[in-house]
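What you see below is based on every heavy atom in this structure, not just the backbone, and it leaves out hydrogens, waters and symmetry mates. Letters go in sequence order (proteins before strands), and every chain restarts at 1.
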Number of protein chains: 2
Amino acid sequence: MKKYTIKNIAELAGVSKGTVDRVIHKRGKVSVKALEKVNAVLSEIDYKPNLLARSLKKTKEYHICVVLPDFNKDPFWRPCFEGIEAAVQEFASFGVFIEPFFFHPNDVNSFIEINKKVLELSPDAVLLAPLFYKETVAIVNNYALADIIVSKFNNQLETEKTKNFVGQDLFKSGRIAASLLQMIISKNAAIAIIHIDEDYNNSIHMQEKEKGFRHYFNELEDANYVINTYNTKQAALENRLDSIFNNTSKVEAIFVTTSKVYKVADFFKAKHIKNVKIVGYDLLDENIQYLNDGIINFLIHQDPKKQVYLGLSYLVDYFLFDKEIPAKSLLPIDIITSENLETYL
Amino acid sequence: MKKYTIKNIAELAGVSKGTVDRVIHKRGKVSVKALEKVNAVLSEIDYKPNLLARSLKKTKEYHICVVLPDFNKDPFWRPCFEGIEAAVQEFASFGVFIEPFFFHPNDVNSFIEINKKVLELSPDAVLLAPLFYKETVAIVNNYALADIIVSKFNNQLETEKTKNFVGQDLFKSGRIAASLLQMIISKNAAIAIIHIDEDYNNSIHMQEKEKGFRHYFNELEDANYVINTYNTKQAALENRLDSIFNNTSKVEAIFVTTSKVYKVADFFKAKHIKNVKIVGYDLLDENIQYLNDGIINFLIHQDPKKQVYLGLSYLVDYFLFDKEIPAKSLLPIDIITSENLETYL
DNA sequence: CAATAAAATGTGTTCGAACACACTTTATGA
DNA sequence: TCATAAAGTGTGTTCGAACACATTTTATTG
């Protein structure tokens, strides 16, 4: 498989490299005769432009802003930051400048503000964790007007102007949680779904998971699991759990729909309650600890680091190498136990 | 973070770009005074050479050969071929030429022959599936003498001359299989480990998995699972299973140490035996079918496609961008059930 | 059929690093 | 002190694609 250059093609076609260039890029100003000659050669050979040379010439500096919650406010987002750091290193020598911007996960205004700031910087692209639905729609619109490409990760909100999303299928993820619990609890047991959130920002996120979870059990034949849902803020969690796990409780299993599952585990450890199975999300240090202790039984890995890194890779490949960005990139839903945990760290 | 070029540095240091180049590449022929001036500038700024320009200039064509078993003989290797195809596409435009070479997985001679052939081609690197231990040692030696870089994947054989390996921790993988079965079988149940192989080429591979599997159960306190190991060739498998699963069998679970687990599932389907739990390896079409049918309970995903692709990426990054190749790259050990399967396809 | 516009084509420079080669300065020995 | 070697330094070309600009060819009009 010989490698051809523009010059090679020009010689083969008996024209100049300028003409070949115009044909390839459809810039017009080419006679029918020349066009045919060049196309004849192009159809003969498998021309792959040297991407190194191409992006070297372009020489443009690309600026990508990542907008995500502050990981000091919610540790879930720390791996995302690590993903950004990795990407910064990796892509700096290609002239891509990646910059993170943080907002408060419970404060819509900080979300709006930071996006306003980013918009003013007019970067080439924005990678966004769209926690707030309504506001995201407006913001994405503004970005679109300013010709800024927007990709989203983690939360899949259907907005017209962005079609790029990196994340997981949340419904399926809920089903998986259900199937895992089913394996280790008795038939028709009582199950609690717990949504822990401050202002229900994540509500769509959590609701999808719940739907999937319930869907799994509803689909079972000859089974009648008792599933109750509890919404609570972090501060009220302990009281809530206290009221659920009173003396008469028959709840055998808990599905926590976010990475906050360690908060629930805290409770069980403190109260020395055993034999309640717990499934939750994400490899936070606290969760890992409880998984190893056997208090949490399964974690579902959403791999936020990979989500961010992949989202950024797509943008870089798009800018540098004209690759298309996949509209939807759904990552595998990894099942984590204390046994295979290590291999993911 | 401004981007500096050699020319920038030369101006800042008051020398020519040639001198800067000599300093950066430690080519010598630089006076102490000039060296100091350039180093002063270099320590001030964060110079990252433009990798695009660098590899463009190098212009060299790299040739990488992948040596692996013929996937027509064993479907396990098909995804590897897909990984190669993806890499071929991806890296062709960077001047990297990747070529697969197949040997017969049960024929040492074909392994030796094909490697001889590859050696004669004197590629820049070889990515190797080292099925046969003794022969691999000799072959790797020959490659080393010819200054050909060797990376290995799938089977981790400790040879002096190669330190690059992409694969999984097999011992851990065995432990994971054990932990999965433990969740769904009764306490102190009887378990069969089945090694299916023609000539025990994979023996090290399979033995590691068995060790891990047994280690898990041995470690349990107050438990006494009965674990028996059976070695069999594919042709003899049915008879063997017949003798194990006779009327008095109490075997509740089976661990098949390779992707051939569908062969075992074939038996159970044909004989209408239910309630025997099965764990095996890899997402072959046949295995996927049995997983969905509920005959196979878990599959462990070794992601051979990713192994090959990653192995090739490392080599390309090494050649093009001077990145170091990690000595050992252990991929996550994915637990696959009928629920999360789809997200891996 | 000039004159001029319009279209087509070719030439040359640029991106940044790498390196060959030419040139200048310093060191060494007779 | 001069010749010559050795060390140090700078200049210029190359990689391949992209594009600006100059030049040539063809079409159009009075």
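Looking at heavy-atom distances under 4.0 Å, B:L56 makes contact with a base. Looking at heavy-atom distances under 4.0 Å, B:K7 makes no contact with the nucleic acid at all. Residue A:N50 is classed as a sugar-phosphate contact, given heavy-atom separations below 4.0 Å to backbone atoms only. Contact annotation for B:R22: base contact, defined as any heavy-atom pair under 4.0 Å involving a base atom.
The phosphate of D:dG8 (OP1 or OP2) has no side-chain N or O of B:S31 nearer than 4.0 angstrom. One finds a side-chain N or O of A:S16 lying less than 4.0 angstrom from the OP1 or OP2 phosphate oxygen of C:dG10. Between A:T19 and C:dG10, a side-chain N or O to OP1/OP2 separation shorter than 4.0 Å is present. Remark: B:H25 is not in phosphate contact with C:dC19, judged by side-chain N or O atoms under 4.0 Å from OP1 or OP2. Here B:Y4 does not reach the OP1 or OP2 of C:dA17: none of its side-chain N or O atoms lies under 4.0 Å away.
Spacing between atom CG of A:L52 and atom C1' of C:dT14 amounts to 17 Å, rounded to whole angstrom units. Straight-line distance from the NZ atom of B:K48 to the C1' atom of C:dA17: 17 Å, rounded to whole Å. In this structure, A:I6 atom CD1 and C:dT11 atom C1' are separated by 15 Å, rounded to whole Å. Atom P of nucleotide C:dA8 and atom CG of A:L35 are separated by 10 Å, given to the nearest angstrom. Distance, B:K33 NZ to C:dT25 P: 12 Å, rounded to whole Å. One can place CD1 of A:I9 at 11 Å from C1' of D:dG16, the figure rounded to the nearest angstrom. When rounded to the nearest whole Å, the span between CG of A:D21 and P of C:dT11 equals 15 Å. Between A:R54 atom CZ and C:dT14 atom C1' the separation is 16 Å, expressed in whole Å.
Minimum atom distance to the side chain of B:R27 is reached by C:dA18, of the listed D:dA17, C:dA18, C:dG10. In this structure, the nucleotide among C:dT9, D:dT9, D:dC15 sitting nearest to the side chain of B:K57 is D:dC15. Side chain of A:Y47, nearest nucleotide from D:dA17, C:dA17, C:dT9: D:dA17. The side chain of B:K17 approaches D:dG12 more closely than any other nucleotide in the set D:dG12, D:dA17, C:dA17.
With 3.5 Å as the limit, one finds a donor-acceptor pair spanning the side chains of B:N115 and B:Y143. Side chains of A:D303 and A:Y344: no donor on one and acceptor on the other come within 3.5 Å. No hydrogens or angles considered: nothing links the side chains of B:S151 and B:Y314 as a donor-acceptor pair under 3.5 Å.
Between A:L331 and A:K306, the shortest heavy-atom contact is CD1-CD, 4.0 Å.
With DNA chain D read from its 5' end, the first of the two nearest nucleotides for A:A53 and B:K29 is the one closest to B:K29.
At least one side-chain heavy atom of B:L128 sits less than 4.5 Å from a side-chain heavy atom of B:V140.
Among B:V20, B:L12, B:I9, the one residue that satisfies the side chain to side chain contact (heavy atoms under 4.5 Å, CB included) test with B:L42 is B:I9.
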